[in-house]
Amino acid sequence: MNAAAHWPAEALWEAIAPLLPGFTVEVLPSIDSTSTELMRRARAGRMEPTLLIAEEQTAGRGRLGRQWLTGAYEGTGVVPALTFSLGLPLAPREWSGLSLAVGVSVAESLQPVLPAAGSGKPRILLKWPNDLWLDDGRKLGGILVETASFTATPGEPRYVVIGIGLNVLPVLAPDLSTPPACLREVDSSLNAASSLQRLALPLVQTLLGFAEHGFAPFQARFAQRDLLLGRGVTLSNGQHGTAHGVSEDGALLVHTAGGMQAVTSADISVRPTPA
């Protein structure tokens, strides 16, 4: 294990290695993208389960090719965002809904206690298919799931890379009319290292549970934090409708003028319709 002293690498390894034989934890001061690096390694035949953390990303990727750049506050060494990827071989019965299950795991780890029924919505919400938002309408972070197969043998596990980026401290974003949210607004004690310590083991347990049972066990838990539920949405093809939650396989259900649609395509963008 190669790790900076302030990251809980040894503790994470001790907790996760019994679940993932051959598991390693690695912390890099700078990398283009943790997800890209793990895919490079997989193509070279290095497919062992790996948690790769970067203190700085110079070419991080989000959904639909969007950039996710991170780096320490200049001159301080303080890491304002948590950026990591988890790569491992996985053979679920169905892949659909994986990014939603990951979102549920992350949100529950960061805000494990929900408000009492009728007293308000959760602070951390999930926006289909892979974003985490605060309840005031600001993005907190994102999830990128990528899979690849390097064998032609049917039924063999694919290598999956789960990339997660979360703002921990306030982000300077002068080009945005609404600044992104950060974890310190949820829990003032959190930093990048302590956030990772909360997230990593439950994430591994989620992936193993998903491989066994699919998305269905996560459906109701996603519904508790569904940002789009009951809201008007506009699909990237221009259609308007109302979001009605997600199905057992993770598809977004949207009631349009043409009836209920199950939105599954990874290249479909969904945005709330302005009130």
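All values reported here derive from a predicted model rather than from experimental measurement.
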Do you know the tightest heavy-atom contact between [X] and [Y]?
X	Y	answer
T264	A251	CG2-CB, 3.3 Å
L228	A243	O-CB, 3.1 Å
P89	P157	CB-CB, 4.0 Å

Could you check if a side-chain atom of [X] sits within less than 4.5 angstrom of a side-chain atom of [Y], using non-hydrogen atoms only?
X	Y	result
T147	L90	no
T206	V106	no
V160	L88	yes
I164	L203	yes
L166	L110	yes
N130	V145	no

Nearest-0.5 Å distance, [atom1] of residue [X] to [atom2] of residue [Y]:
X	Y	atom1	atom2	result
L134	N167	CG	CG	9.5 Å
T256	H240	OG1	NE2	11.0 Å
L253	M260	CG	CE	6.0 Å

Checking R40 now: which residues fulfil salt bridge (Lys or Arg N to Asp or Glu O under 4.0 Å) with it, not counting sequence neighbours?
D32, E37
Mind checking what makes salt bridge (Lys or Arg N to Asp or Glu O under 4.0 Å) contact with D226, not counting sequence neighbours?
none
Common cluster, L229/L132, ILVMFWY with side-chain heavy-atom separation under 4.5 Å:
no
Please list, chain by chain and in numerical order, all residues satisfying side chain to side chain donor-acceptor pair (under 3.5 Å) with R138, sequence neighbours excluded.
D136, E185
F215 vs F222 aromatic rings, parallel, tilted or perpendicular, using cut-offs 30° and 60°?
perpendicular
Taking everything shown except Q239 itself, do over 12 heavy atoms lie less than 6.0 Å from its CD?
yes
Please answer whether the main-chain N or O of Q219 pairs with a side-chain N or O of E248 as donor and acceptor at a distance below 3.5 Å.
no
Please say which of I124, L125, L126 ends up in a side-chain contact (heavy atoms from CB on, under 4.5 Å) with P122.
L125
